[in-house]
Structures are given as C-alpha cells and as structure tokens.
Amino acid sequence: MRAKSLWICCLLLVVCCVLFMTLEARGNWDFVLWFRGRKLAALLLVGAAVSTATLLFQTISRNHILTPSIMGFDALFTLIVTLAVFTFGAAGYNHLPVEVVFFVNLALLIAAALILFGTLLGQYRVDLMRMVLTGIIFGILFRSLTSFIFRMIDPSEFATIQVNSYARFNYIDVNLLGLATVLTSVTLVFCWRMRRQLDVLGLGFEIATNLGEHVARRQKQALVLVAVLVAVSTALVGPVAFLGLLVVSIARLVAPNETHATLLPLSAVIAGIVLVGGQAILERGLGMSTPLAVVIDFVGGFVFLALLLRKGWT
Amino acid sequence: MITVENLSYTVANTCILKDISVTLPKGGITALIGPNGAGKSSLFSHIARLLPLQTGRISVEGLEVSPSNRQALSRKLAILPQEVHFATRLTVKELVQFGRYPHCQGRLRSEDHAMVTAALEAFGLMSLADRFLDTLSGGQRHKAHVAMTYAQDTDYLLLDEPLNNLDIAASRALMALLRRLADEEGKTIVIVLHDINFAAQYADHLVVLKDGCIEREGKPAEMVTGALLADVFGTDAQVAVVDDTPFVMP
C-alpha cells in the first residue's frame, strides 16, 4: 500500500520529466537536453527542498497549516539579499563570488531563524494562534523592510535584487545549481536520517519527552535544516508562497500513513510533479501565458483556506 | 522509589511549590491529591521532566532526573500527561509502537513487536488495532495511550488526572487496570487524582498537597476523614465508611 502510492507518483513524475524534456523540442538535441536538463534538475531540487522544509516545519510546530514561507522564512532571505546589495552596492555585490554571497546569506538566515522561531517553538506549549500571528507579522515586516530599501537604492541596484524577490520558474539562477545540489542532497540525507525522531516529535512535547527525546534540541536541528532548504530554493527560484503547503497536503491525502519515512519521499515526488508538470504545461502547452508561481499560489491559497476552515485551530 | 528533595518552583513571582521533600514508595499505587492550585500537576511535571528544575533534586531509583539521563529515564519511567492530542493521524497500533521507541529508537525488532501485541492484548485493543485514533471514543483513545506507556515497559508509570473526561465505567475500568498492573506486574504507579473517592478506593498511599507544600501522607483508610476535608479542602463534607473504605459524601 505504502509502496503503491509512491510508485504511482514516481511514474507520474517520470512522465512529467519526459514531457518537459521533449515537448516542442526543436533544433540541436545536445543543446536542448543541456538547456532543459539544468532547468529540470533545478525544479526537482526546489521541489524536494520546499516540500521537505514544509514537512519538517509542520512537524516541529505540530500543525498542518503553517509553512516556512507563511512564517516569512523566504521573505527574510530576500531581505538579507536586499540589505547586502544596499550595503555593498550592486557593483560590489555582483563582484563577490556567488558562492560566498550565498553562504553568507545562508548563515544569516540560519541565525535569524534560530533567534526568531527557536524561541517561539521552545516554549512548553506551542500556541498555534500566536505562531500564526507572529508569522504574519514577521512576513509583513520583512517584506515592508525590503520594499523600503527598494525605494532608497538607485534603479540599477534595484534591478539586481528585483530578480530575487519574485518567484520565477522560467529564469532559474543556474550559477548556483552545483552548490545547491550538493547542499540540498546533504541536508536531505540528514532529514531522512532524522525521520524516526521526527515521527516522535510529531507527538508533541510531552510524549516526545516521555519517549526520551530532547525536544528543544531536535527542534533547533530541524530549524537549521529548514533554513538551509529554504535558502537553496529561494536562491534558485525566489520565494514560493504556497507550494509547500499544497504538496504536503496532497501527500497527506494520498499517503497510507503519516510516518516521515512515507511522507518525506512522497511529498518530494509530488512537488516534482507539480513543478515539472506545471511548467511543461504552462511553458509549452499554453505558451507561457501564465507564470507557474501564480497558478500554484492560487491553488495553494485555496488549500490554505480550506485547511483553516475545515480543521479550525485544533 | 522516587525521591524529591527541596523542590521549589516559582512562576512570575508566585511560589507554586515550596521546598518540597517527599519519597514516593516503590510498588503499589500512590495518589497525589489536593485542592485546585495545590501544585499537584507542577510536582507531576517536575518528576516527569516536563518542567526544568529550578531548585532541588529528583531521582528515580538513584537515577537523577536531568536532561543528560533522558534516554535511561525513558526506559525507567513512563508518563501519561493530561489531554494529549496531536496533529498526526495514527492508528492504535502505530501509537502503541511508539512506546517501544526508548528501547529500539524506532527500529522495531521481533521482541518489540511481541511487546506491542502483548500491550494491545492486555488492554483489549486487538480488535481496534488498525482503527485511527480520531475515530475512537474518549475512553478507548485513553486506553490506547495507557497501552503505549505500558508497551514502554518501565517500572514506573506516572499519570496526570487520567480520569478527566471519562465516565464512571471507563474510570473504574482504568483504575482496575492500574490496580492489576501494580499487583500482578509489580509496577509502581503514581497518579494525580481529583476525585478523593477514587483515590481512597484504589490507591495504597496518599500524598496530600496544599498551597505548594506536602500537607500529610499515609494510608487512605486513615487519611480520608472529615478533618482532612475541612483542613485541606476547606469544606465540611461527611465521610462514611463502606467496606472499610472511606467514602466522601458529595
């Protein structure tokens, strides 16, 4: 049963990948495969990163509604990038090696996430209402600060960061692809090895403590992993608001049980289907008439509302 | 034997526990009773390491309750907190399997499967094993949680107000079950109770708390008197004796 839903999804993903690579392919195959292959790899990478980050965050915050992006994680990353451009200037920023910039941003994001969300999660009982409000306020704060800086910098610098502040699946920053692949793979291995501990964390502070887990420490470890995954996906394609919520909710629907051993691969595969399949349809089938991010946010937004209305706050 | 020495607990300048020292005996059922706000649940939470120690020491058979002994404690002491609910959708069997986590870190071996089956059988949950928890009644769900702590196979079992939200039949069934675990399997059970009559009927040892202090302790038959209710609970209820067991008239 468990294998069945996973295999069906894997099959769908393969079909999507083949369509993505071959639909309306004209000209030199070497070029097409190289050009599209990099995009495909980036999409799969982003899918796995976003879905895993969402799943981990939902486990440590013990709810099925919040996601790192709703809590303002990727807005924070954009703010950090914007601040960097503001301080160094576009020329200085673009002169720095991409990898160095990325690692500095990543370190700042991890630190900020631990300070902001670590204290929030470390409480004896996690208050969901407070989490939601804090997340919304953080999100607005980070976005407002970003747009405030936008207004202060000169137009050429603005162009440098503008690329970083919107979700974009058509223009993926492939400079970072190698680094992102390594970083994401390592992080995903850590997440996979933590799967049993994550199952226990999902039972809540009291039961996890009873079963001998150090809840606060595990939550911090998971937050670091979430921060790395969000940083990678945001650096590659920009902030994606509802993608994680959408794919993890679908994964919970089709999964036969809610262990992380099932949900981690399943949600990553479903994220791949949504991104690769959606991009193939929108880019080739509908001739880029609508950006994929808009469609995902539209559907994901509905899922968010449906979850809120159906489950309430419990 | 659970030893609590000089335990104090202060929240927002309010002293909840005042320099408590108490020894809970090994074997049998020990009930913590007292009026609302006496500090029963705070004492429970400290022994269950749900609250960090501010001052004092707690040890379970010489094993100190501290973060560094987390895993060893989880094989010695199982706790059942009040009102457990979680977002994960689990079947009864999956929940009970979590009880084996301290022993196998999630990789169930054959002896763990045997223990899970034994727990399901002991609590009459075999027919419900594959049902999801959210489809069960309150009493059944509660039983599944106790079965999980049973599967944990610890010498000590701590329960915080387990009779909340249970009807009289479910309450009696649960207490009888705990009695059986104490008598037949030699487990030590510490239980926070609201209902003095249940404590008098099923416990071997009573510890009475009032205003963050241990007021008195002893055998239920000697302890539950009109004087106790007047002094500790501040109500002049009558106490009848039925079959050598004191009974507080409501």
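This structure is a prediction, so every number in the text was calculated from the model and none was measured. Below, all heavy atoms of this structure are taken into account, side chains as well, without hydrogens, waters or symmetry copies. Numbers restart at 1 for each chain; the letters A, B, ... are given by sequence-line order, proteins then strands.
Looking at A/Q58, neither its backbone nor its side chain comes within 4.5 Å of chain B, counting heavy atoms on both sides. Contacts of A/R195 with chain B are absent, with no heavy-atom separation under 4.5 Å from either backbone or side chain. In this structure, the portions of B/I79 lying under 4.5 Å from any heavy atom of chain A include both its backbone and its side chain.
Heavy atoms from other residues, nucleotides or ligands lying under 6.0 Å from CZ of B/F132 number more than 12.
Among residues 4-12 of chain B, no residue has any heavy atom closer than 4.5 Å to a heavy atom of chain A. Residues of residues 89-111 of chain B having a heavy atom under 4.5 Å from any heavy atom of chain A, listed by number: B/R89, B/L90, B/E94, B/F98, B/G99, B/Y101, B/P102, B/Q105, B/G106, B/R107.
In this structure, the separation between CD on B/Q152 and CG on A/L211 is 5.0 Å, given to the nearest 0.5 Å. Atoms CG and CG, from A/N210 and B/L158 in turn, are 9.5 Å apart once rounded to the nearest 0.5 Å.
Contact annotation: the side chain of B/L80 never approaches that of A/E206 to less than 4.5 Å [non-hydrogen atoms, C-beta and beyond].
Between chain B and the residues A/L203, A/D199, A/V200, the largest count of heavy-atom pairs under 4.5 Å involves A/L203.
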